[in-house]
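This structure is a prediction, so every number in the text was calculated from the model and none was measured. Just follow the structure's listing: the first ligand is 1, and inside any ligand the first atom is 1.
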Amino acid sequence: MISMLAAQSLSVMRSGQQVLKDVSFSIEQGEIHALLGGNGAGKSTTLLTFLGFLKPASGSVHVQGRDVNGNLGAARQAIAYLPEAATLYGHLSAYENLHYFLSLAGTDTGREALDDALDRVALQPEARNMRMETYSKGMRQKVAIALAILRDTPILLLDEPTSGLDPVAIDEFNRLARNLAEAGRTILLVTHDVYGACHVADRIDLLQNGVLVGAFDRPPGMDRIDTEAVHVAFAQHAGA
Ligand SMILES: Nc1ncnc2c1ncn2[C@@H]1O[C@H](COP(=O)(O)OP(=O)(O)OP(=O)(O)O)[C@@H](O)[C@H]1O
Ligand SMILES: [Mg+2]
């Protein structure tokens with residue numbers, strides 16, 4: 001089987017510094033994979049490399065079996081990306097933002113599909129026609145997540161998707177991610193939230209200072225990864 005996403009001995013330099021060192025992992029279709037690590041660990045850098053915005057200094061990244069370097073168009077077409085600081089227009093409503101950004105991506109989506117996605121992220125119906133500058137941070141994040149899932153791509157790269165969400169909204173996001181994965185989508189998300197990662201991911205890779213220092217799989221039949229074990233490993237490596 002061809003992996004949906006694969007990094008092979010990936011090293012990346014930024015401003016003369018090596019920020020990813022010999023990173024390897026692969027993600028199969030329908031999996032939720034979390035890259036967990038502290039600030040500056042290299043999580044966002046990893047996503048940017050899959051999108052071809054940064055080039056490997058050595059090693060490679062593959063999307064659906066093809067090297068991103070040389071197949072940039074195909075890679076980007078297969079991926080919906082939720083950036084760390086998603087920028088939507090404050091003077092537009094949620095509907096207008098979604099319509100605008102989806103049409104830029106060449107996706108023609110009717111009101112019903114927009115409502116379905118906004119239902120799935122639990123954005124209250126009465127807010128959907130209001131200008132987004134009147135939204136709270138969490139409400140804005142919900143619209144950004146809705147935009148990513150509406151792209152209808154096989155792969156989702158999500159940079160801190162639960163940032164700004166309250167605990168109820170985080171649970172809703174986790175359920176949504178699980179449903180998407182069960183429907184066959186592949187999700188790579190990055191976070192520094194140990195608890196959230198343990199509840200949503202099939203596998204967690206722990207990244208510290210650009211190096212993968214540990215991996216945790218959800219045991220068969222269990223609904224989550226052991227939070228305590230991951231927390232201990234996270235703290236150990238952060239202090240190392
Ligand atoms: N635009 C940039 N130019 C040069 N170096 C950068 C740039 N952005 C990030 N870096 C460096 O790359 C390293 C990894 O940063 P990255 O943004 O990937 O971390 P992160 O794990 O996403 O952290 P956070 O949890 O804070 O978002 C850091 O040392 C950072 O200083
Ligand atoms: Mg980041």
Inset, instruction - Output the list of atoms in ligand 1 that are nearer than 4.0 Å to some heavy atom of Ser15, sorted by atom number. - result: 3 (N), 4 (C), 5 (N)
Legend entry - Distance filter under 4.0 Å to His192 heavy atoms, resulting ligand 1 atoms: 25 (O)
Inset, instruction - Please say whether Glu84 places an N or O atom under 3.5 Å from an N or O atom belonging to ligand 1. - result: yes
Legend entry - the Mg ion (ligand 2): protein N, O or S atoms that are less than 2.8 Å away, sorted by chain: Ser44 OG, Glu84 OE2
Legend entry - Heavy-atom protein neighbour under 4.0 angstrom from atom 4 (C) of ligand 1: yes
Inset, instruction - Measure from atom 7 (C) of ligand 1 to every heavy atom in Arg14, Gln17, Gln208 and give the option owning the shortest one. - result: Arg14
Legend entry - Close approach, Gly210 and ligand 1, non-hydrogen under 4.0 angstrom: no
Inset, instruction - Please say which of Leu20, Val213, Leu36 ends up in a side chain to side chain contact (heavy atoms under 4.5 Å, CB included) with Leu207. - result: Leu20
Legend entry - Pair Asp119 + Arg128, salt bridge at N-O below 4.0 Å: yes
Legend entry - Test of proximity, Val19 against ligand 1: N or O pairs below 3.5 Å: no
Inset, instruction - Given side-chain hydrogen bond (donor to acceptor under 3.5 Å, both in side chains), test Asp202 with His33 step by step and report yes or no. - result: CA-CA 6 Å; Asp202 298 304; His33 194 106; over 6 Å; no
Legend entry - Leu158 side, atom CG; Ile187 side, atom CD1 - distance, nearest 0.5 Å: 6.0 Å
Inset, instruction - Compare all side-chain heavy atoms of His91 with those of Glu96 and state whether any distance is below 4.5 angstrom. - result: no
Inset, instruction - Just jot down the ring-ring contact (aromatic ring centres under 6.0 Å, His included) partners of Tyr195, sequence neighbours excluded, or say none. - result: His199
Inset, instruction - Identify whether NZ of Lys or CZ of Arg in Arg203 sits under 6.0 Å from the centre of the six-membered ring of Phe216 and within 45° of that ring's axis. - result: no
Legend entry - Min N/O separation Asn39 to ligand 1 under 3.5 Å: yes
Legend entry - Ring centres under 6.0 angstrom apart (Tyr95, Tyr100): no
Inset, instruction - Could you tell me which residues satisfy ring-ring contact (aromatic ring centres under 6.0 Å, His included) with Tyr135, sequence neighbours excluded, listed by chain and number? - result: none
Inset, instruction - Please tell me if the side chains of Leu157 and Leu5 come closer than 4.5 Å, counting only heavy atoms from C-beta onward. - result: yes
Inset, instruction - List the closest protein heavy-atom neighbour of atom 23 (O) of ligand 1: residue, atom name, distance to the nearest 0.1 Å. - result: Gly40 N, 2.8 Å
Legend entry - Residue pairs fulfilling side-chain hydrogen bond (donor to acceptor under 3.5 Å, both in side chains) with at least one residue in residues 38-49, sequence neighbours excluded: Arg14-Thr45, Ser44-Glu84, Ser44-Asp159
Legend entry - Sub-4.0 Å atoms of ligand 1 with respect to non-hydrogen atoms of Ala41: 19 (O), 20 (P), 21 (O)
Inset, instruction - Would you mind checking which non-hydrogen protein atom is closest to atom 17 (O) of ligand 1, with the distance to 0.1 Å? - result: Ser44 CB, 3.8 Å
Legend entry - Heavy atom of the protein closest to atom 25 (O) of ligand 1 (residue, atom name, distance): Lys43 NZ, 2.7 Å
Inset, instruction - State, yes or no, whether a side-chain contact exists between Ile155 and Val63 at a heavy-atom distance under 4.5 Å. - result: yes
Legend entry - Pairwise side-chain contact, Ser93 with Arg131, heavy-atom cut-off 4.5 Å (strictly under): no
Inset, instruction - Return a yes/no value for Gly37: is any of its N or O atoms, backbone included, closer than 3.5 angstrom to an N or O of ligand 1? - result: no
Legend entry - Contacting atoms of ligand 1, where contact means under 4.0 angstrom from a heavy atom of Gly38: 21 (O), 25 (O)
Legend entry - Protein non-hydrogen atom found under 4.0 Å from atom 31 (O) of ligand 1: no
Legend entry - Reported CD1-to-CZ distance for the pair Ile149 and Arg185, which is rounded to 0.5 angstrom: 6.5 Å
Inset, instruction - Kindly identify the option in Thr45, Leu20, Thr46, Leu48 whose heavy atom sits closest to atom 18 (O) of ligand 1. - result: Thr45
